[in-house]
Amino acid sequence: MKRVVVGLSGGVDSSVAAYLLKEQGYEVIGLFMKNWHDDSVTISNECPWLDDSNDAMLVAEKLGIPFQTIDLSEQYKERIVDYMFAEYERGRTPNPDVLCNREIKFDVFMNIALELGADYVATGHYCRKGTIQKDGKTLYRLLSGADHNKDQSYFLCQLSQEQLSKALFPIGELTKPEVRELATRLDLVTAEKKDSQGLCFIGKVKLPDFLQQQLKPKCGVIVEVSEDKGLYSNEVSDFASKEEELEYLSKKIEYSIKDGEIVGKHQGAHYFTKGQRKGLAVGGTPEPLFVIDTDVEENVIYTGQGKNHPGLLKKALFISNDELHWIREDLALKESETMQVQVRIRYRQPLQKATLHKVENGLYIEFEQFQSAITEGQFAVWYIDEELIGSGVIS
């Protein structure tokens, strides 16, 4: 009998995942990960991880499976929280959820599970796993969830073949309504529970509040850059090579205060991210202002009017070799090779047609259509049909 450790988060998805595994005849153990205990940054006097851990325990009791809580807050702080602040301080926008899967759930947590004699680790992600045989070897495939509305393959884009080989995603074939219905039928305490917002496993923490506690506020100016500024008009059409063209298309515009006019003040450029509209508190423009760039060195936020402002739109992005990751290593491109794929540059984005171009120092992604707010530090992921084959950090 194969043993599976399921990460019970106290939510409905992992509860149903545990039930399905038991039905399939696995020996199931439930573990709750406690990843945070600095109560000074939760937003109210409630203690969210206690509620969650309690719900997880009640589900385990109901399903008749052993349960324990493990404290990973030290590793979480080291690998996730510190990474987040380092990225914000560099003026990039991190994705802690992607890192949490790579570094915590499918690394630290997985190692604990294997020490408990587990054959697999299971989570409540909406995605599926497949296998194929190639040159006598088994290769693992990460496939999008059957519920396209909830597909969470994006968050697992950094997993390796080794990690995938030991992963199970029991609810990948179900839709969210089916999962809730099943939980209601089983009378699980989590059946009606709302999906968690906030940081993966820190609970109900709002990111800006969390940042403010760590990165000190400092007053700076908000600059509005008009779209008919000369910055956007110099179209270049003849390039010596494709790589030169890609470099041009993905190049970051360097703004300075004299490119626009000062329209307001802010409390710290590192609290803002490209494409952001809320929180600027500047009124009186015909179209809403969007952040088109942040300069954390000079502490300036650059903005433009309307979501089609040329400062937001780009046709290509670059990923450097050290931040490039192939789940399907057998499909990895060699220098000067290209590949037609579908790409998303943020979790909820519909897939976009694009071409990958491998160059000596990294990988360019060239899109068919302009993309809005390509954000440094976020993950770009690429698919062939339903399979996620690789990802990388936008540089």
Exercise for the section: Can you label the angle between the Tyr120 ring and the Tyr26 ring as parallel, tilted or perpendicular, going by 30° and 60°? Expected result: perpendicular
Handout entry: Any donor-acceptor pair under 3.5 Å from Arg141 side chain to Thr131 backbone
Key = no
Exercise for the section: Measure the spacing between CD of Glu360 and NZ of Lys358 and express it to the nearest 0.5 Å. Expected result: 8.5 Å
Practice task
Measure the shortest side-chain to side-chain distance between Gln371 and Gln349 over non-hydrogen atoms and say whether it is less than 4.5 angstrom.
Solution key: yes
Fill in the blank from the handout: Minimal heavy-atom distance between Leu174 and Ala146, with the atoms involved, is N-CB, 4.5 Å
Problem - Val59 and Tyr19: CA distance, side-chain angles, deciding distance, side-chain contact (heavy atoms from CB on, under 4.5 Å) verdict - result: CA-CA 9 Å; Val59 165; Tyr19 164 76; over 6 Å; no
Exercise for the section: Work out which heavy atom in His309 is nearest to a heavy atom in Val225; give both atom names and the distance. Expected result: NE2-O, 2.8 Å
Handout entry: Leu164, Leu156, Leu139 screened by side-chain contact (heavy atoms from CB on, under 4.5 Å) with Ile327, the one that passes
Key = Leu164
Completion exercise
Smallest heavy-atom separation, Ser14 atom then Ser9 atom, equals OG-N, 3.1 Å
Handout entry: Contact check, side chains of Phe239 and Leu249, non-hydrogen atoms, under 4.5 Å
Key = no
Handout entry: Verdict with reasoning, Leu72 to Ile112, per side-chain contact (heavy atoms from CB on, under 4.5 Å)
Key = CA-CA 10 Å; Leu72 303 183; Ile112 290 169; 3.6 Å; yes
Problem - Interatomic spacing from CG in Leu351 to CD1 in Ile345 - rounded to 0.5 Å - result: 11.5 Å
Practice task
Would you tell me whether Ser15 and Thr190 have side-chain atoms, one donor and one acceptor, within less than 3.5 Å of each other?
Solution key: yes
Exercise for the section: Salt-bridge test for Asp55 and Lys193: reply yes if a basic N is under 4.0 Å from a carboxylate O, no otherwise. Expected result: yes
Problem - Minimum heavy-atom distance Thr273-Val291, with the two atoms named - result: O-CB, 3.5 Å
Exercise for the section: Verify, without hydrogens or angle tests, whether His266 (side chain) and Val221 (backbone) share a donor-acceptor contact under 3.5 angstrom. Expected result: yes
Problem - side-chain contact (heavy atoms from CB on, under 4.5 Å) evaluation trace for Tyr232 with Ile253 - result: CA-CA 9 Å; Tyr232 308 117; Ile253 294 175; 3.5 Å; yes
Problem - ILVMFWY network linking Tyr347 to Tyr83, side-chain heavy atoms under 4.5 angstrom - result: yes
Handout entry: SB check Asp82 Lys77 (cutoff 4.0 Å)
Key = yes
Exercise for the section: Report yes if some heavy atom in the side chain of Met110 is under 4.5 Å from a heavy atom in the side chain of Leu114; otherwise report no. Expected result: yes
Problem - Spacing of Leu31 atom CG and Lys105 atom NZ [to the nearest 0.5 Å] - result: 13.5 Å
Exercise for the section: Determine, for Glu247 against Lys251, whether the closest basic-nitrogen to carboxylate-oxygen distance falls under 4.0 angstrom. Expected result: no
Practice task
Considering only NZ, NE, NH1 and NH2 on the basic side and carboxylate oxygens on the acidic side, decide whether Glu376 and Lys274 come within less than 4.0 Å.
Solution key: yes
Problem - Gap between atom CD1 of Ile171 and atom CD of Glu178 - 0.5 Å precision - result: 10.5 Å
Problem - Side-chain touch Tyr88/Thr294, heavy atoms, less than 4.5 angstrom - result: no
Problem - Aromatic Phe370 / basic Lys315 pairing, under 6.0 angstrom, 45° off normal - result: yes
Handout entry: Pair Asn111-Asp107, side-chain donor/acceptor within less than 3.5 Å
Key = yes
Practice task
Look at the aromatic rings of His125 and Phe169 and report parallel, tilted or perpendicular, splitting at 30° and 60°.
Solution key: perpendicular
Practice task
With the side chain counted from C-beta on, respond yes when Glu103 and Gln158 share a heavy-atom pair under 4.5 Å apart, and no when they do not.
Solution key: no
Practice task
To the nearest 0.5 angstrom, please state how far the CZ atom of Arg102 sits from the OG atom of Ser391.
Solution key: 8.5 Å
Problem - Cluster link Phe85 to Val393, ILVMFWY, side chain under 4.5 Å - result: yes
Handout entry: Side-chain donor/acceptor of Asn299 to backbone N/O of Lys218, under 3.5 Å
Key = yes
Fill in the blank from the handout: In short, Ala18 meets Leu8 closest at the heavy-atom pair CB-CD2, 4.0 Å
Practice task
Verify, without hydrogens or angle tests, whether Glu244 (side chain) and Ala240 (backbone) share a donor-acceptor contact under 3.5 angstrom.
Solution key: yes
Handout entry: Residues Tyr126 and Asp13: side-chain donor-acceptor under 3.5 angstrom
Key = yes
Completion exercise
Between Asn101 and Leu159 the two heavy atoms that sit nearest each other are O-CD2, 4.0 Å
Handout entry: Any side-chain heavy-atom pair of Leu289 and Glu224 under 4.5 Å
Key = yes
Problem - N/O donor-acceptor pair under 3.5 Å between Tyr154 side chain and Phe379 backbone - result: yes
Problem - Gln163 (side chain) donor-acceptor with Ser160 (main chain) under 3.5 angstrom - result: yes
Practice task
Would you please classify the geometry between the Phe318 ring and the Tyr364 ring as parallel, tilted or perpendicular, with 30° and 60° separating the classes?
Solution key: tilted
Practice task
State whether a side-chain donor-acceptor pair under 3.5 Å links Gln161 with Glu329.
Solution key: no
Problem - N-O pairing of Arg344 and Asp151 below 4.0 Å - result: yes
Handout entry: Thr338 side chain to Leu356 backbone, donor-acceptor under 3.5 Å
Key = no
Handout entry: Any donor-acceptor N or O pair under 3.5 Å, side chains Gln305, Glu227
Key = no
Problem - Leu99-Leu142 co-clustered via ILVMFWY side chain contacts under 4.5 Å - result: yes
Problem - Phe367-Leu313 co-clustered via ILVMFWY side chain contacts under 4.5 Å - result: no
Practice task
Ignoring hydrogens and angles, tell me if any N or O in the side chain of Ser153 forms a donor-acceptor pair with the backbone of Cys127 under 3.5 Å.
Solution key: no
Problem - Heavy-atom check, side chain of Arg180 versus side chain of Val12, under 4.5 Å - result: yes
Exercise for the section: Say whether, by atom type as modelled, one donor and one acceptor occur between the side chain of Asp385 and the main chain of Glu387 under 3.5 angstrom. Expected result: no
Exercise for the section: Show your reasoning for whether side-chain contact (heavy atoms from CB on, under 4.5 Å) applies to Asn149 and Lys176. Expected result: CA-CA 9 Å; Asn149 208 19; Lys176 185 77 186 203; over 6 Å; no
Exercise for the section: Determine whether Ser250 and Ile374 make a side-chain contact, defined as any pair of heavy atoms from C-beta on separated by less than 4.5 Å. Expected result: no
Problem - Sidechain-backbone polar pair: Asp97 side chain, Phe155 backbone, donor-acceptor under 3.5 Å - result: no
Problem - Electrostatic pair Glu27:Arg3 at N-O distance under 4.0 angstrom - result: yes
